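Notes for the one structure printed next.
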Amino acid sequence: MVYAAWTFWLLVVVLAAWGVRELLTGLIKPRVLNAVLLPGTLVGVAGHALGLLVTGATIRDTTLIKDDDSGEPGTTADPQPRIPVVGPIIIGMLPLIACAAAIHFAAAYLGRPILGTIRTNIVGPTLPTSLAALWQLLRDLVTLLESFIAAIRASDLTNWKTLLFLYLTTCLTVRMAPFPGTARGTLGAILFLGILAGLLTWLFDLEQSAGAKVWPIVNLAVATLLALLLIALLIRGAALLVQIIRSER
């Protein structure tokens with residue numbers, strides 16, 4: 001069950017990051033957004049390049065920000081790794097692993113006050129198995145968001161470590177969205193690895209508690225993305241409302 005939960009929540013994080021990014025690109029130009037998210041873009045592109053190197057693929061057109069009007073990061077859209085089957089999975093997963101590792105280090109060295117205050121037991125290895133449990137999970141996610149916002153309000157926002165932690169966490173979680181042209185490989189890699197890990201656990205009776213330290217970081221990522229989704233939706237809704245009012249004059 002724990003690997004099914006890992007797969008589910010990683011998909012939630014990736015899809016939520018994708019949604020935040022799509023909402024933000026509707027408000028500001030992608031070039032400006034990618035410039036603001038530069039630390040996360042740097043980590044994600046570095047993970048992508050590392051995946052190409054370790055699988056023997058050729059690095060082509062890999063840049064932080066393209067020179068065209070899109071301003072998107074440049075990635076090797078059609079990599080040809082020398083490792084069959086596993087190669088594309090490594091290429092799709094390493095950017096996510098790189099961003100998750102960077103969030104872990106940022107939380108360890110900069111965000112202990114916030115990470116120690118928010119709820120870290122809501123997103124975990126147990127998935128809802130009934131409709132009532134599903135509604136309870138949704139209520140718990142609201143509680144997670146509430147505890148995250150309360151932790152930010154209670155923190156010292158004049159401390160540069162706190163501000164840097166919030167900025168880096170925002171950049172890294174939003175950048176966990178797939179790069180253009182890599183969405184299918186990233187989502188396929190998440191599903192494949194979840195199935196493979198669950199199968200190996202069932203066959204060899206592996207220890208399932210090894211990833212217990214990962215859950216606080218997953219809770220932090222989910223809480224950050226929920227807050228960003230709420231803020232982006234409010235801003236997008238206000239902008240559309242202003243457009244409608246202006247068009248009816």
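Computed from a prediction, not measured in an experiment: that's the story for all the values here.
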Can you tell me how far apart [atom1] ([X]) and [atom2] ([Y]) are? Round to the nearest 0.5 Å.
X	Y	atom1	atom2	value
Arg236	Leu23	CZ	CG	6.0 Å
Trp160	Leu110	CH2	CG	6.0 Å
Leu229	Thr224	CG	OG1	11.0 Å
Thr169	Ile114	OG1	CD1	7.5 Å
Thr170	Phe165	OG1	CZ	9.0 Å
Leu220	Leu144	CG	CG	9.0 Å

I need the minimum non-hydrogen distance between [X] and [Y], along with the two atoms involved.
X	Y	answer
Asn121	Asn219	N-OD1, 4.0 Å
Val123	Val218	CG1-CG1, 3.5 Å
Gly124	Trp215	O-CH2, 3.5 Å
Ala239	Leu27	CB-CD2, 4.1 Å
Gly40	Leu172	CA-CD2, 3.8 Å
Val43	Ala102	CG1-CB, 4.3 Å

Taking C-beta and beyond as the side chain, do [X] and [Y] meet within less than 4.5 Å on heavy atoms?
X	Y	answer
Thr173	Cys99	no
Ile103	Met176	yes
Leu127	Trp9	yes
Ile235	Leu24	no
Glu146	Arg119	no
Cys171	Pro39	yes

Val13/Leu96 under side chain to side chain contact (heavy atoms under 4.5 Å, CB included): CA gap, chis, key distance, verdict: CA-CA 10 Å; Val13 168; Leu96 298 179; over 6 Å; no

Should [X] and [Y] be counted in the same cluster of Ile, Leu, Val, Met, Phe, Trp and Tyr side chains packed under 4.5 Å apart?
X	Y	value
Leu233	Leu240	no
Leu225	Leu234	yes
Ile122	Val142	no

Audit row: Leu187, Trp18, side chain to side chain contact (heavy atoms under 4.5 Å, CB included) steps and yes/no: CA-CA 12 Å; Leu187 296 177; Trp18 203 351; 4.3 Å; yes

Candidate pair Leu157 and Ile152, rule side chain to side chain contact (heavy atoms under 4.5 Å, CB included), full reasoning: CA-CA 8 Å; Leu157 294 179; Ile152 294 175; 4.2 Å; yes

CA sep, side-chain torsions, deciding dist, call: Leu134, Arg139, side chain to side chain contact (heavy atoms under 4.5 Å, CB included): CA-CA 9 Å; Leu134 177 61; Arg139 287 190 288 267; over 6 Å; no

Exam field: side chain Arg153 to backbone Ile149, donor-acceptor pair closer than 3.5 Å: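 Judged by distance alone, no pair lies under 3.5 Å.
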
Side-chain donor-acceptor contact under 3.5 Å, Gln243 with Arg246: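 No pair is found: no donor N or O on one side chain lies under 3.5 Å from an acceptor on the other.
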
